[in-house]
Participant: 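This structure is in structure tokens; I'll ask about it shortly.
Heavy atoms only: backbone and side chains are in, while hydrogens, waters and symmetry mates are out.
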Amino acid sequence: MAGRMMQNNTNIPEGFSLSMALADCIPVLFFSIGSAVLAYRFPSPLFRFGTVLVILAGSMKALWKFVIALKKIDAPFLSRQMRFLMPAGFVLMLLALAVDHSRWSASAVLRHVTRFPSCIFFLAGAAGILLLCWFAKHLNGRDARSNWKEQMVNGITQLCFLLGILL
């Protein structure tokens, strides 16, 4: 298994440092806090399982960067899993809104999302998601400079959503 999981050392992305790996943990932390608050407010097992998948995907991607930075080994499974786990988690979270519709109020959510200053943070977070989608299509995920751009935007995006949820 270890042989299949690791590639030749010549394929290791350059410039992936410990500071980059630590920076990759920040959006995961912000998302974890925000989703914990939402899971407390919306007691849906399906929603909670979806958030666990998204957090697991982000954590494994950060772990990939730690492995590269500290061990100089590329473990592609740790980054590639994100293509499957993260979308699956978000689909489950959205599905929970339909399945457990009696546990939340659309009007209450709309009031919260449109209330000032939450609306500013949610709009900024939505803009960040659009930029991250553009990055996913146009930037090289194995390039250190691209990763720094992505992590800065992702960290700010997740902070905006967290602040929008908390306010």
Participant: Is Phe31 close to Leu162 at the side-chain level, that is, under 4.5 Å between some pair of heavy atoms?
Facilitator: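 Not in contact.
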
Participant: Going from CZ on Phe66 to OG on Ser17, what distance comes out if it is rounded to the nearest 0.5 angstrom?
Facilitator: 10.0 Å

Participant: About how many Å separate CG of Leu29 and CD of Gln158, when rounded to the nearest 0.5 Å?
Facilitator: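 Gln158 atom CD to Leu29 atom CG measures 10.5 Å (nearest 0.5 Å).
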
Participant: Are Arg48 and Ser35 packed together at the side-chain level, in the sense that at least one heavy-atom pair is separated by less than 4.5 angstrom?
Facilitator: no

Participant: Examine Leu56 and Trp64 and state if one hydrophobic cluster contains both, with Ile, Leu, Val, Met, Phe, Trp and Tyr joined whenever side-chain heavy atoms are less than 4.5 Å apart.
Facilitator: yes

Participant: Measure the spacing between CE of Met93 and CG of Leu46 and express it to the nearest 0.5 Å.
Facilitator: 10.0 Å

Participant: Using every non-hydrogen atom in the two residues, find where Asn147 and Gly141 come nearest and quote the distance to one decimal.
Facilitator: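 Where Asn147 meets Gly141 most closely, the heavy atoms are ND2-O, 2.6 Å.
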
Participant: Crowded around Phe49 CZ? As in, over 12 foreign heavy atoms under 6.0 Å?
Facilitator: no

Participant: Can you hop from Leu95 to Trp104 via hydrophobic side chains spaced under 4.5 Å?
Facilitator: no

Participant: So, Glu150 side chain and Leu132 main chain: donor-acceptor pair closer than 3.5 Å or not?
Facilitator: no

Participant: Would you say Ile26 and Met152 are hydrophobically clustered, going by side-chain heavy atoms of ILVMFWY under 4.5 Å?
Facilitator: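 No: no chain of side-chain contacts under 4.5 Å links Ile26 to Met152.
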
Participant: Starting from Tyr40, walk the hydrophobic network (Ile, Leu, Val, Met, Phe, Trp, Tyr; side-chain heavy atoms closer than 4.5 Å) and list everyone else you reach, by chain and number.
Facilitator: none

Participant: Is there a path of hydrophobic side-chain contacts, each under 4.5 Å between heavy atoms, that joins Phe77 and Leu85?
Facilitator: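 Same cluster: Phe77 reaches Leu85 through Ile, Leu, Val, Met, Phe, Trp or Tyr contacts under 4.5 Å.
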
Participant: Under 4.5 Å side-chain heavy-atom separation, chaining through any Ile, Leu, Val, Met, Phe, Trp or Tyr, what else clusters with Phe116? Say none if it is isolated.
Facilitator: Ile120

Participant: Work out which heavy atom in Ser105 is nearest to a heavy atom in Ser107; give both atom names and the distance.
Facilitator: OG-OG, 3.0 Å

Participant: For the atom pair OG (Ser44) and NE2 (His101), what is the distance rounded to the nearest 0.5 Å?
Facilitator: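 The OG atom of Ser44 sits 11.5 Å away from the NE2 atom of His101.
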
Participant: Would you find a donor on one side and an acceptor on the other, under 3.5 Å apart, between the side chain of Asp100 and the backbone of Arg103?
Facilitator: no

Participant: Please collect all ring pair (Phe, Tyr, Trp, His ring centres under 6.0 Å) contacts where either partner lies in residues 134-167, sequence neighbours excluded, each pair once.
Facilitator: Trp134-His138

Participant: Please lay out, stage by stage, how Lys61 and Asp24 fare under the test side-chain contact (heavy atoms from CB on, under 4.5 Å).
Facilitator: CA-CA 8 Å; Lys61 180 76 178 259; Asp24 203 27; 3.8 Å; yes

Participant: side-chain contact (heavy atoms from CB on, under 4.5 Å) for Ile68 and Met20? Distances and angles first, verdict last.
Facilitator: CA-CA 10 Å; Ile68 290 171; Met20 179 190 288; over 6 Å; no

Participant: I'd like to know if the side chain of Arg115 reaches the main chain of Leu167, judged simply by a donor and an acceptor atom lying under 3.5 Å from each other, with no hydrogens or angles considered.
Facilitator: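 Present.
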
Participant: Starting from the C-alpha separation in whole Å, work towards a yes-or-no answer on side-chain contact (heavy atoms from CB on, under 4.5 Å) for Phe42 and Leu97.
Facilitator: CA-CA 9 Å; Phe42 177 46; Leu97 296 175; 3.9 Å; yes

Participant: Working to the nearest 0.5 angstrom, can you tell me the gap between Leu38 CG and Thr51 OG1?
Facilitator: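 OG1 of Thr51 is found 9.0 Å from CG of Leu38.
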
Participant: Taking all non-hydrogen atoms of both residues, which atom of Phe16 and which atom of Arg142 are closest, and how far apart?
Facilitator: CE1-O, 3.5 Å

Participant: Would you say Arg41 and Ile165 make side-chain contact, with heavy atoms under 4.5 Å?
Facilitator: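 Sidechains of Ile165 and Arg41: in contact.
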
Participant: If you measure from OG1 on Thr157 to CZ on Phe30, what distance do you get to the nearest 0.5 Å?
Facilitator: 11.0 Å

Participant: Identify the two heavy atoms, one from Ser59 and one from Val28, that lie closest to each other, and give their separation to 0.1 Å.
Facilitator: OG-CG1, 3.6 Å

Participant: Give the C-alpha distance, both sets of side-chain angles, the deciding distance and a yes or no for side-chain contact (heavy atoms from CB on, under 4.5 Å) between Phe122 and His112.
Facilitator: CA-CA 10 Å; Phe122 285 123; His112 182 81; 4.0 Å; yes

Participant: For the CZ atom on Arg83, are there more than 12 heavy atoms of other groups (residues, nucleotides or ligands in this structure) within a distance under 6.0 Å?
Facilitator: no

Participant: What is the minimum heavy-atom distance between Ser118 and Gly164, and which atoms define it?
Facilitator: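 Closest approach of Ser118 to Gly164: OG-O, 3.2 Å.
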
Participant: With a 4.5 Å cut-off on side-chain heavy-atom distances among I, L, V, M, F, W and Y, is there a chain of contacts connecting Leu159 to Leu130?
Facilitator: no

Participant: Locate the shortest heavy-atom distance separating Met86 from Gly58; write the atom from each residue and the value.
Facilitator: CE-N, 4.1 Å

